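For clarity, every value in this text was computed on a predicted model and none was experimentally measured. Position 1 is the first residue of the sequence; numbering continues from there.
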Amino acid sequence: MLETQVLIIGGGITGAGIARDLALRGIKCILAEKHDINAGASGANHGLLHSGARYVAGDLINAEECREEGNILKKLAPHCIEDTGGLFIAVEGDDEKYVADFPHLCSKCGIPVQALDTKKALEMEPVLSKKIIAAYQVPDAAVDPFKLSMDNIYQALDLGCTLLRHSQVTGFTIEGNCVLATRLQNMLTGEEFTVEALQVVNAAGAWAKEVAALAGCAINLLYSKGSLLVTHNRIAQRVINRLRPSSNADILVPGGTVSILGTTSITIDTLDKIFPTVQETDLIVGEAAAVIPQLEKTRYIRAYAGVRPLLGAQSGADDRSVSRGFALLDHIEDGLENFASITGGKLTTYRLMAEKTANLICNRLGVSHPCLTRTEPLPAAGAARWTKPGLAPKVWMKQHDPEDIMLCECEMVPKSVVDSIVESIHEQNGKPDLKAIGLRSRIGKGACQGTFCGLRTCAYLYDTDELHADDGLTSLKEFVTERWRGVRPLLWDTPLIQAELQEALYCGLMGLEL
C-alpha cells in the first residue's frame with residue numbers, strides 16, 4: 001500500500017501538468033498511468049500550439065484561452081516550441097463571408113492578425129495553391145508534446161512526486177462521501193496494490209468517463225476520433241490552416257524534419273477503435289491538396305489517430321460543432337468530496353487546466369500556496385531532450401566516438417542516446433523496452449518506421465543485459481506492430497515496397513506474426 005496527499009490518474013499532458021503544479025506548491029502526489037506517458041490524445045495530436053484563431057468563429061472562450069496560454073508557453077517553455085507562425089489560407093470556392101469576418105473576429109479576441117496579398121503568401125510558402133483568394137498571418141506555433149510532458153513530469157519527480165507507469169485503476173474503496181483507497185494493477189506483472197490519498201484527481205482524458213464510473217460518477221463524453229498523416233519531409237515552414245469552418249484536413253503543422261497533416265473528426269462508440277483507416281487517408285490527402293497541391297504526390301511515412309473527449313455532447317451530434325473547451329468536475333453532486341475530474345480541452349490549454357485543478361485540490365486540502373506555473377519557467381530535463389529531431393546526430397558528431405554506433409540510421413540515434421534514456425527509465429523505477437525508448441527518442445520515427453532500428457536496438461538491449469530470454473521478442477513484436485498499424489493505411493508506391501521488406505524480415509525471417 002502507498003500513501004500520498006494526491007493521486008493523479010492519467011499520465012498525459014494534463015496529468016503531468018497537474019503533478020508539476022501541485023509539486024511546486026509543496027504537495028506530495030503520485031501520478032499513475034496505465035500505459036506510458038502520452039499514451040492517449042497527448043501523444044496522438046498534430047503538435048499545434050494554437051494562437052486561438054481556429055476558434056474565433058464559434059468558440060470565443062476557447063479562442064481567448066488558447067491565445068493567452070500559447071503566449072505563456074512561448075515565454076516559459078521555449079525549448080519545447082518552434083515559433084513558426086501560421087497562415088490561414090482560403091482558396092476558390094471557400095465561404096467568402098467567413099473569410100471576410102475572420103480578421104474582425106481575431107481582433108475581437110485579441111489575436112494578432114495580418115492580411116497578406118496572395119503574392120506575398122506565395123513568396124512565404126511556395127507550396128501553396130495558385131488558387132488562393134485570401135491569406136492571413138497569425139501567431140500559431142509547433143510544440144513537441146512528448147518533451148513538454150516529460151519536462152513537466154521530471155520537475156515534479158525532482159520535487160518529490162512518484163510516477164507509476166503501467167498501473168491501471170481497477171476500482172475504488174468508498175466510504176460515505178470519500179474515496180478511502182484506489183485499487184490499481186501493474187499491467188506488466190499483474191501485481192495488485194492500493195494507494196491511499198487525501199484527494200484523487202481523474203485526468204484520464206478520453207478514459208475519464210470509465211474511471212469516473214468506477215467511483216459511481218457519470219461524465220457525459222462524446223468520443224471523437226481524429227486521424228493524421230506524417231510526411232516524409234517538411235512541406236512548409238509555417239503552420240498552414242485552411243480558412244473555412246472547421247472541417248477535415250484543415251491543418252498542416254511543421255514537426256521538425258516532417259510535417260503533420262490532419263485531421264478528421266469521427267464519432268466512435270468505443271475506445272477500442274482508435275486507428276486510422278484507408279478511407280480517412282484518402283479523404284485527408286484529397287481535401288488538403290486544394291490548398292497544397294504537392295500533398296497529392298508527397299510520400300507519407302505514417303498515419304496515426306487519437307480521441308478527443310468532447311464534453312456535454314449528445315450521441316449523434318456533429319463533432320465539429322462541439323466545444324473544444326474543458327471542464328473541471330468536483331463530483332460534489334455525485335456524493336464525493338475528495339474526487340475530481342478534469343477532461344476536454346486542448347494541448348495548448350493544459351497548463352490552465354492544471355492550474356484550475358490544483359486550485360480546487362489546494363482549497364480542499366487547506367493549502368494557500370499560489371500557482372507558480374504561470375510565472376516560473378519550465379526547466380528542460382536532460383533525459384527528455386532526445387525527442388528533438390536532429391539533436392542526437394549533433395551530439396554524436398561532436399563527441400565523435402567510433403565505438404558509439406548508430407542504432408537508428410534514419411534519425412541518426414546512437415547507442416549513447418539509448419543508454420541515457422535507459423538510465424532515466426531506471427531512475428523512474430521502470431523497465432526499459434522498445435516502446436518506452438521510442439516514446440523518449442526518435443527511434444522508429446524515420447522513413448523505415450522501425451524496420452532496421454527495431455532489430456538493432458533490441459539486440460543492443462540484450463547486449464547490455466536489459467532484456468532476457470523472450471523479453472526481446474515480445475518487446476520487438478509490440479514495437480513493430482505499433483509502427484505497422486501506422487503504415488497500413490498508406491500502402492501505395494514506396495511505402496508498399498517498404499512494407500513488403502518489413503514483412504519479409506520480421507514475418508519471414510524471424511517468424512513473428514504482426
What I'd like to find out is whether the side chain of [X] reaches to under 4.5 Å of the side chain of [Y], using heavy atoms alone.
X: R442; Y: P389; answer: yes
X: L60; Y: C109; answer: yes
X: L501; Y: F452; answer: yes
X: L73; Y: Y350; answer: yes
X: S246; Y: R54; answer: yes
X: Q449; Y: P495; answer: no
X: L243; Y: I89; answer: no

| message | Among I437, V418, V417, which residue satisfies the side chain to side chain contact (heavy atoms under 4.5 Å, CB included) criterion with L407? | response | V418
| Of T257, I301, T494, T298, which meets side chain to side chain contact (heavy atoms under 4.5 Å, CB included) against H232? | I301
| said: Determine whether E82 and R234 satisfy the following criterion, salt bridge (Lys or Arg N to Asp or Glu O under 4.0 Å), listing intermediate values before the conclusion. | reply: CA-CA 14 Å; E82 183 182 357; R234 183 161 172 159; 2.8 Å; yes
With distance as the sole test, does [X] use its side chain to make a donor-acceptor pair with the main-chain N or O of [Y] at under 3.5 Å?
X: R483; Y: G444; value: yes
X: T343; Y: G205; value: yes
X: T281; Y: L490; value: no
X: T373; Y: D21; value: no
X: E33; Y: H35; value: yes
X: N152; Y: S149; value: no
X: K445; Y: G438; value: yes
X: T349; Y: L352; value: no
X: D250; Y: R242; value: no
X: S259; Y: G255; value: no

Indicate the atoms forming the closest heavy-atom contact of [X] with [Y], along with that distance.
X: L295; Y: A288; value: CD1-CB, 3.6 Å
X: L229; Y: Y300; value: CB-CD2, 3.8 Å
X: T264; Y: N248; value: CA-OD1, 3.3 Å
X: A141; Y: L48; value: O-CD1, 3.4 Å
X: L49; Y: K74; value: CD2-CG, 4.0 Å
X: S227; Y: A305; value: OG-CB, 3.5 Å

| Looking just at side-chain N and O atoms, do E482 and Y304 make a donor-acceptor pair shorter than 3.5 Å? | no
| Can you list the steps and then say if E376 with R20 is a salt bridge (Lys or Arg N to Asp or Glu O under 4.0 Å)? | CA-CA 11 Å; E376 291 291 321; R20 178 188 178 228; over 6 Å; no
Calculate, to the nearest 0.5 Å, the distance between atoms [atom1] and [atom2] belonging to [X] and [Y] respectively.
X: N202; Y: W207; atom1: CG; atom2: CH2; answer: 12.5 Å
X: L455; Y: L505; atom1: CG; atom2: CG; answer: 5.0 Å
X: L378; Y: D151; atom1: CG; atom2: CG; answer: 5.0 Å
X: T451; Y: E503; atom1: OG1; atom2: CD; answer: 11.5 Å
X: L87; Y: R238; atom1: CG; atom2: CZ; answer: 6.0 Å
X: D95; Y: K97; atom1: CG; atom2: NZ; answer: 7.5 Å

Give a yes or no on this: more than 12 heavy atoms of other residues, nucleotides or ligands lie within 6.0 Å of atom [atom1] of [X].
X: K147; atom1: NZ; result: yes
X: R488; atom1: CZ; result: no
X: L372; atom1: CG; result: yes
X: E210; atom1: CD; result: yes
X: Q428; atom1: CD; result: yes

| On the ring face of F146, is K388 found with NZ or CZ under 6.0 Å from the centre and within 45° of the axis? | no
| task | Might you work through the side chain to side chain donor-acceptor pair (under 3.5 Å) test for E69 and T348, ending with a clear yes or no? | result | CA-CA 6 Å; E69 289 301 308; T348 304; over 6 Å; no
| request: Under the salt bridge (Lys or Arg N to Asp or Glu O under 4.0 Å) rule, what do E65 and K346 come out as? Steps first, then yes or no, please. | output: CA-CA 10 Å; E65 288 176 348; K346 308 288 298 180; over 6 Å; no
| When R440 is tested against each of D433, D36, D144 for salt bridge (charged side-chain N to carboxylate O under 4.0 Å, His left out), which residue passes? | D36
| side chain to side chain donor-acceptor pair (under 3.5 Å) evaluation trace for D140 with S51 | CA-CA 5 Å; D140 284 334; S51 63; 2.7 Å; yes
